[in-house]
Amino acid sequence: MTTRSVEVDGRTIEVPRWDKVLFPDDGLTKGDLVCYYQRIAPTMLPHVRGRLVSLQRFPNGIAEAGFFQKEAPDYFPDWMPRWSVYVHEDERHQPQVYLDTAATLVYLAAQATITPHVWLSRVPHITRPDRLIFDLDPPEGASFEVVRRAALDLRATLQQLDVPAFAMTTGSRGLHVVVPLQADAVFEETRALARAIAEHLARQFPERYTTALRREERRGRLFLDYLRNAYGQTTVAPYAVRARPGAPVATPLDWRDVQRPDMHAQRFTVRTIFRRLAQKPDPWREIDRRAVSVRSLHNALQRHGINPSPEDERR
DNA sequence: GCGGTTA
DNA sequence: TAACCGCAACGCTAT
DNA sequence: ATAGCG
Ligand SMILES: [Mn+2]
Ligand SMILES: [Mn+2]
């Protein structure tokens with residue numbers, strides 16, 4: 001009927017309901033989504049290859065409820081890469097998909113995966129993250145300007161520590177600030193360091209930032225969210241499409257982009273991202289070459305008197 | 001989107 | 001035969 | 001114990 005096949009990496013992938021409109025406001029179809037991921041794959045893959053993925057799927061379009069899916073079902077093709085993952089809550093292992101080639105991205109899009117969310121680590125060392133992330137969203141009622149400022153403040157802090165930092169629009173409300181790591185420590189350690197950095201910045205500007213987990217205690221201040229630095233946690237993949245009107249794309253930025261007063265979380269979309277990439281290459285293309293060891297990060301924090309509180313070092 | 005379960 | 005359903009989960013805090 | 005939060 002409306003099923004069409006595409007050829008990717010020498011594989012034939014069936015795309016059911018090729019003409020199904022997934023973004024009603026924009027007229028974007030599943031075919032458009034499939035073509036997007038096929039075209040973005042060369043730029044996107046270096047950032048997501050080997051990462052386990054949580055699928056955010058919308059078979060009936062974004063006007064209907066979607067769902068998340070982590071466990072790889074038996075009906076996914078044999079060639080889709082799977083890794084056995086221990087799930088604490090279930091006290092068992094289960095197969096999950098990790099991203100590998102353009103074909104994996106295209107197959108997931110054909111399954112109406114609008115947004116892949118990825119781990120901070122990669123197969124085979126899934127307990128050792130190669131990313132440290134801060135998630136910055138505007139507090140209730142605040143403008144994006146607050147987020148932009150926070151990202152620049154956080155960058156300044158990291159710069160003082162000689163730690164590389166990269167920024168990305170999330171395509172929804174805020175920004176991610178990302179530090180590339182050499183995957184030489186487990187999540188418990190990286191989360192403690194992220195927390196120490198966040199608490200340091202919140203102490204420096206207590207009227208603007210907070211690390212309080214209790215909502216009520218935040219009182220209009222931006223929450224420096226370090227909590228995603230944990231096993232099994234996912235964040236929106238670089239160059240993923242978001243299930244929102246306009247089909248915004250989570251877009252890696254350079255710091256010049258962040259300095260622009262007109263920057264915002266949904267600045268780039270499926271319809272505009274390739275124009276941007278033609279104008280300037282992927283700002284993150286060197287991110288892995290700049291990875292720092294967690295040991296050096298720890299030492300840099302100590303030199304500056306930024307230490308994990310005793311509570312964080314207990315096991 | 002699809003497999004499994006229920007009416 | 002078709003309608004309906006499920007499909008994620010970590011670490012922490014508050015209750 | 002369970003529920004809520006990001
Ligand atoms: Mn489960
Ligand atoms: Mn966010």
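Predicted, not measured: the structure shown is a model, and the values here were computed from it. Each chain gets a letter, A, B and so on, in the order the sequences are listed, and its residues count up from 1.
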Closest to the side chain of A:Arg191, out of C:dC12, D:dC5, C:dA9, is C:dC12
* **Pairing of A:Arg303 and A:Asp162 as salt bridge, 4.0 angstrom limit** => no
Those residues at least two apart in sequence (or on a different chain) that pass ring pair (Phe, Tyr, Trp, His ring centres under 6.0 Å) with A:His117 are A:Phe68
Residues passing the salt bridge (charged side-chain N to carboxylate O under 4.0 Å, His left out) test with A:Asp137, sequence neighbours excluded, are none
Whole-angstrom distance between D:dC5 and C:dA9, as gauged at atom C1': 13 Å
Q. Does atom CD of A:Gln279 have more than 12 heavy-atom neighbours, drawn from other residues, nucleotides or ligands, at distances under 6.0 Å?
A. no
Chi angles and distances behind the ring pair (Phe, Tyr, Trp, His ring centres under 6.0 Å) call for A:Tyr107, A:Phe76: CA-CA 9 Å; A:Tyr107 178 78; A:Phe76 278 12; 5.2 Å; yes
Rounded to whole Å, the CZ-P distance (A:Phe67 to C:dC7) equals 11 Å
Whole-Å distance, A:Glu64 CD to C:dC5 P, equals 14 Å
Regarding the side chain of A:Arg214, the nearest nucleotide among C:dA14, C:dA9, C:dA8 is C:dA14
Across all chains, not counting sequence neighbours, the salt bridge (charged side-chain N to carboxylate O under 4.0 Å, His left out) partners of A:Arg191 are none
Open item on the list: Tell me whether A:Glu14 at atom CD has more than 12 heavy atoms from other residues, nucleotides or ligands lying less than 6.0 Å away.
Closed with: no
By ring pair (Phe, Tyr, Trp, His ring centres under 6.0 Å), A:Phe67 pairs with (sequence neighbours left out) none
So ring pair (Phe, Tyr, Trp, His ring centres under 6.0 Å) across residues 227-272 of chain A, not counting sequence neighbours, yields A:His88-A:Tyr231, A:Trp119-A:Tyr231
Report task. May I ask you to check whether over 12 heavy atoms, not counting those of A:Asp78, lie within 6.0 Å of atom CG? Result -> no
Electrostatic pair A:Asp100:A:Arg49 at N-O distance under 4.0 angstrom
yes
Expected list for residues 13-27 of chain A near DNA chain B, using heavy atoms below 4.0 Å, is A:Pro16, A:Arg17
Residues at least two apart in sequence or cross-chain that pass salt bridge (charged side-chain N to carboxylate O under 4.0 Å, His left out) with A:Glu145, listed by chain then number, are A:Arg148
The correct set of residues in residues 240-252 of chain A placing a heavy atom under 4.0 Å from DNA chain B is none
Winner on side-chain proximity to A:Gln69, out of C:dA9, C:dA14, C:dC7, is C:dC7
To the nearest angstrom, the CD-P distance between A:Glu217 and C:dC12 comes to 17 Å
Applied to residues 121-155 of chain A, the ring pair (Phe, Tyr, Trp, His ring centres under 6.0 Å) test, sequence neighbours excluded, yields none
Rounded to whole Å, CZ of A:Arg228 lies from C1' of D:dC5 at a distance of 11 Å
Here the residues of residues 105-141 of chain A within 4.0 Å heavy-atom distance, strictly under, of DNA chain B are A:Gln111, A:Ala112
Rounded to whole Å, NE2 of A:His88 lies from C1' of C:dC12 at a distance of 14 Å
At a 4.0 Å cut-off to heavy atoms of chain A, the contacted part of DNA chain B spans B:dG1 to B:dG3
P gap between C:dA8 and B:dG4, integer Å: 15 Å
So, with a heavy-atom separation below 4.0 Å from DNA chain B, the residues of residues 167-186 of chain A are none
Among the nucleotides C:dA14, C:dA8, D:dG6, whichever has the atom closest to the side chain of A:Glu71 is C:dA8
Inset, instruction - Give one of base, sugar-phosphate or nothing for A:Tyr231, where a contact means two heavy atoms less than 4.0 Å apart. - result: sugar-phosphate
Checking C:dT13, D:dG6, C:dA9 against the side chain of A:Asp90 (C-beta onward), the nearest is C:dA9
Rounded to whole Å, the CZ-P distance (A:Arg221 to D:dG6) equals 15 Å
task: State plainly whether the residues A:Asp288 and A:Arg122 are in salt-bridge range, i.e. N to O under 4.0 Å.
output: yes
Between CZ of A:Arg195 and P of C:dT13 the distance, given in whole Å, is 7 Å
Donor-acceptor check, side chain of A:Asn299 to backbone of A:Ser296, threshold 3.5 angstrom: yes or no? no
From the list A:Arg221, A:Arg215, A:Arg214, salt bridge (charged side-chain N to carboxylate O under 4.0 Å, His left out) with A:Glu217 holds only for A:Arg214
Atom CG of A:Asp225 and atom P of C:dC12 are separated, to the nearest Å, by 13 Å
Take the angle between the ring planes of A:Tyr226 and A:Phe223 and call it parallel below 30°, perpendicular above 60°, tilted in between. tilted
